[in-house]
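This report concerns only the one structure given below.
Below, chains carry the letters A, B, ... as their sequence lines are ordered, and counting in each starts from 1.
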2 protein chains.
Amino acid sequence: MSRVTIKDIARVLGVNPSTVSRALHNHPDVSIELKANIKQLAEQMGYKPNQMAINLRNGKSKTIALIIPEISMFFFPSVMKAIEEEAHKRGYNLLVLHSNDDVQREIQNAEICAFTGVEGVLVSLTKESFETSHFLDLSYSGVPVVYFDKVPNNIQGHKVIVPGKEATIQAVEYLIQHSENHQRICGFFGDPRLSITQDRVEGFRQALTQANRLFYIQDAFFVNNSQKAEETFLTLWNSANPPSALFMMSDEVLAGVIKATHALGLNIPQDLQIVAISDGYLPLLLPQKIPYVETSGYQLGKTAAFYLFDIINEKKTEFETISIETPFRNA
Amino acid sequence: MSRVTIKDIARVLGVNPSTVSRALHNHPDVSIELKANIKQLAEQMGYKPNQMAINLRNGKSKTIALIIPEISMFFFPSVMKAIEEEAHKRGYNLLVLHSNDDVQREIQNAEICAFTGVEGVLVSLTKESFETSHFLDLSYSGVPVVYFDKVPNNIQGHKVIVPGKEATIQAVEYLIQHSENHQRICGFFGDPRLSITQDRVEGFRQALTQANRLFYIQDAFFVNNSQKAEETFLTLWNSANPPSALFMMSDEVLAGVIKATHALGLNIPQDLQIVAISDGYLPLLLPQKIPYVETSGYQLGKTAAFYLFDIINEKKTEFETISIETPFRNA
DNA sequence: TTGAAAGCGCTAACAA
DNA sequence: TTGTTAGCGCTTTCAA
């Protein structure tokens with residue numbers, strides 16, 4: 001029961017395969033009636049074009065790739081959902097490549113993109129991607145690369161980012177304004193090697209400084225995951241000088257700290273005020289009202305996908321750095 | 001800067017392309033030194049095989065597809081993570097196809113799998129997939145299809161499932177045992193068209209019956225998403241006869257109901273006892289200790305992927321229905 | 001308006 | 001051990 005090909009159709013009608021191909025592509029040169037005949041027969045015989053042959057012939061594959069450092073329940077699903085929607089809308093498939101926060105795998109993934117004929121790539125970098133030369137080959141060979149969220153620091157490129165510094169300032173200013181003389185404001189951050197972390201730490205520093213408060217580096221805590229956040233907060237709370245207010249740079253750390261506050265039986269915001277940067281789902285799930293600056297993964301994904309397809313369709317070429325909106329939410 | 005091919009290498013060394021191909025595949029017939037030469041030169045010239053050509057030639061693509069009805073923050077990330085790991089381990093790529101709970105799209109996705117040369121497919125069905133003949137073509141043409149989680153009801157096939165009835169019985173029995181004479185036990189379920197929903201409703205019924213309680217169909221609530229769950233519970237709680245205990249068939253509905261309990265200021269388990277079937281992450285996030293039967297998406301994904309690769313590698317052929325473990329958790 | 005032929009890059013059967 | 005050849009299915013240039 002092997003698949004019916006263009007040749008089969010041609011044979012039946014006694015025409016040339018190339019004619020069939022043209023007819024199916026609505027080439028104007030084919031006579032109307034022949035075109036109709038061919039199309040009908042193709043339909044009848046259940047013809048489906050062989051995508052692999054088309055890919056080889058065209059050197060591309062109606063597929064875009066999404067390269068991500070980790071698959072977590074926060075952020076990733078909404079990003080992915082948005083990207084999938086845009087890809088599907090344009091008849092593209094989505095290849096998901098997971099780097100597992102390992103540069104070596106990121107490099108492999110970039111290679112896979114090259115051999116496999118994807119037409120564009122959306123990348124969020126690993127913690128260790130200090131340089132991104134492994135994506136150069138792709139760019140050179142005409143495969144556009146759009147970086148989003150975790151983007152390269154010192155390299156120019158197509159980028160879609162969360163304005164992390166500004167978002168942090170918004171969040172921390174809220175903390176400062178909405179509470180009388182906080183003893184100690186601490187910040188919980190992700191991996192310090194990431195530029196998104198650095199931006200947010202800088203925002204934290206600036207917000208404090210602008211409010212005429214001193215910024216102590218020991219008030220910034222760097223944790224690699226939820227669990228570390230939980231442990232770190234427990235220790236911090238039981239220390240000599242526990243914080244009165246907390247800034248959380250992501251859902252990941254928020255989740256950990258929240259668990260700790262439950263374990264400790266803390267009342268929020270009475271015992272401890274918390275403000276976060278969040279995709280928006282987690283805060284709604286919690287009994288405590290946690291104000292947050294929304295950095296929508298869905299929005300980020302949409303924007304990055306649009307940007308990528310604009311490049312693929314040659315509506316854009318120059319490097320841009322697009323920032324998404326970050327509304328403050330206080331339900 | 002077009003990519004270097006086997007022909008280029010052959011030309012440089014004055015040998016035949018097929019020899020190069022053989023050498024690179026470690027074919028025993030090629031002389032050791034020639035093989036060494038070829039490999040070295042290939043390395044030097046930065047040769048990378050053209051995956052599209054290989055795909056066309058072989059009629060397959062070192063890719064598996066994952067067809068899912070929806071991209072949500074629960075379940076999906078852990079399933080996907082497990083599948084990605086197994087695929088990567090075996091040098092396979094992962095094409096993610098989203099059906100958006102629409103049979104038409106599921107049918108399209110099945111077709112994409114066929115044209116695109118994927119070597120295997122993992123499917124979780126939409127709410128509307130009452131029949132699955134659209135996957136028959138794939139199976140016939142030798143592309144194995146493994147159904148997982150939302151599987152077809154009356155059709156035989158390769159399946160990996162959560163033993164939903166048993167899990168529900170476990171959960172509801174806990175509810176019955178750990179509380180004196182509940183006035184009313186209600187169950188919150190997903191879409192009634194899904195076999196996983198039907199299984200769980202049946203479990204709910206059996207658990208009640210076995211405990212010599214009557215099963216009232218009006219105690220089973222069917223909600224399509226978190227928000228509906230939230231609304232439904234609010235109404236229910238404000239009704240004449242609010243429940244004293246609740247069974248949640250998934251994280252999705254649990255999330256909604258939890259939000260409602262927060263809005264109502266309910267104490268759990270004092271005001272209302274809740275038990276759930278869950279992937280395990282959400283209950284840990286909440287201040288209330290919610291006992292749950294764990295149905296690990298990660299486990300499900302792993303199992304389904306293993307099963308699929310066993311078929312691809314011809315270690316298995318007959319239809320099986322594998323159930324994953326569902327441990328009871330009460331942290 | 002249609003046909004013939006070449007070729008995308010790779011592999012495998014068959015020859016030598 | 002290596003070369004020759006053909007072909008996977010499709011598209012496209014060139015010729016008729």
Roughly how many Å is it from [atom1] in [X] to [atom2] in [N], rounded to a whole number?
X: Leu13(A); N: dG3(C); atom1: CG; atom2: P; result: 10 Å
X: Lys60(B); N: dG9(D); atom1: NZ; atom2: C1'; result: 18 Å
X: Gln51(A); N: dC10(D); atom1: CD; atom2: P; result: 10 Å
X: Asn58(B); N: dA13(C); atom1: CG; atom2: P; result: 12 Å
X: Met52(B); N: dT11(C); atom1: CE; atom2: P; result: 14 Å
X: Leu56(B); N: dC8(D); atom1: CG; atom2: C1'; result: 4 Å
X: Asn55(A); N: dG9(C); atom1: CG; atom2: P; result: 14 Å
X: Lys62(B); N: dT11(C); atom1: NZ; atom2: P; result: 13 Å

Whether Lys81(A) engages the ring of Tyr298(A) as a cation-pi pair (distance to the six-membered ring centre under 6.0 angstrom, angle to the ring normal within 45°) should be assessed.
no
Detail all sub-3.5 Å separations between protein N/O atoms and N/O atoms belonging to nucleotides 1-4 of chain D.
from	atom 1	to	atom 2	distance (Å)
dT1(D)	O5'	Asp29(B)	O	3.0
dT2(D)	OP1	Ser31(B)	OG	3.4
dT2(D)	OP2	Ser31(B)	N	2.7
dT2(D)	OP2	Ser31(B)	OG	3.3
dG3(D)	OP2	Asn16(B)	N	3.0
dG3(D)	OP2	Thr19(B)	OG1	2.6
dG3(D)	N7	Arg22(B)	NH2	2.7
dG3(D)	O6	Arg22(B)	NH1	2.9
dG3(D)	O6	Arg22(B)	NH2	3.3
dT4(D)	OP2	Asn16(B)	ND2	3.2
dT4(D)	O4	Ser18(B)	OG	3.2

In terms of relative ring orientation, are Tyr92(B) and Phe309(B) parallel, tilted or perpendicular, with 30° and 60° separating the classes?
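Perpendicular: the ring planes of Tyr92(B) and Phe309(B) meet at over 60°.
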At what angle, to 10 degrees, do the two end axes of the helix from dT1(C)-dA16(D) to dA16(C)-dT1(D) meet, given five pairs define each axis?
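Answer rounded to 10°: the end axes differ by 50°.
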Between Tyr147(A) and His158(A), does the ring centroid distance fall short of 6.0 Å?
no
Do [X] and [Y] meet the criterion of a side-chain donor-acceptor pair at a distance under 3.5 Å?
X: Asn26(B); Y: Lys39(B); answer: yes
X: Gln51(A); Y: Asn55(A); answer: yes
X: Glu106(B); Y: His134(B); answer: yes

For Thr5(A) and dG9(D), is the shortest distance between a side-chain N/O and OP1 or OP2 below 4.0 Å?
no
Counting just side-chain N and O atoms, does Lys7(B) come under 4.0 Å of either OP1 or OP2 of dC8(C)?
yes
Under 4.0 Å between any heavy atoms, over every strand shown, what does Phe115(A) touch: base, sugar-phosphate, or nothing? Just pick one.
nothing
Classify Ile6(B) by what it touches in the nucleic acid, base, sugar-phosphate, or nothing, heavy-atom distance under 4.0 Å.
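Since only primed, P, OP1 and OP2 atoms lie under 4.0 Å of Ile6(B), the category is sugar-phosphate.
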Flag the pair Arg90(B) and Glu86(B) as a salt bridge only when some basic side-chain nitrogen lies within less than 4.0 angstrom of an acidic carboxylate oxygen.
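Salt bridge present between Arg90(B) and Glu86(B).
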Salt-bridge contact Lys159(A)-Glu320(A) (side-chain N to carboxylate O under 4.0 Å):
no
Walk me through whether Thr19(A) and Leu34(A) qualify under side-chain contact (heavy atoms from CB on, under 4.5 Å).
CA-CA 9 Å; Thr19(A) 306; Leu34(A) 182 52; 3.8 Å; yes
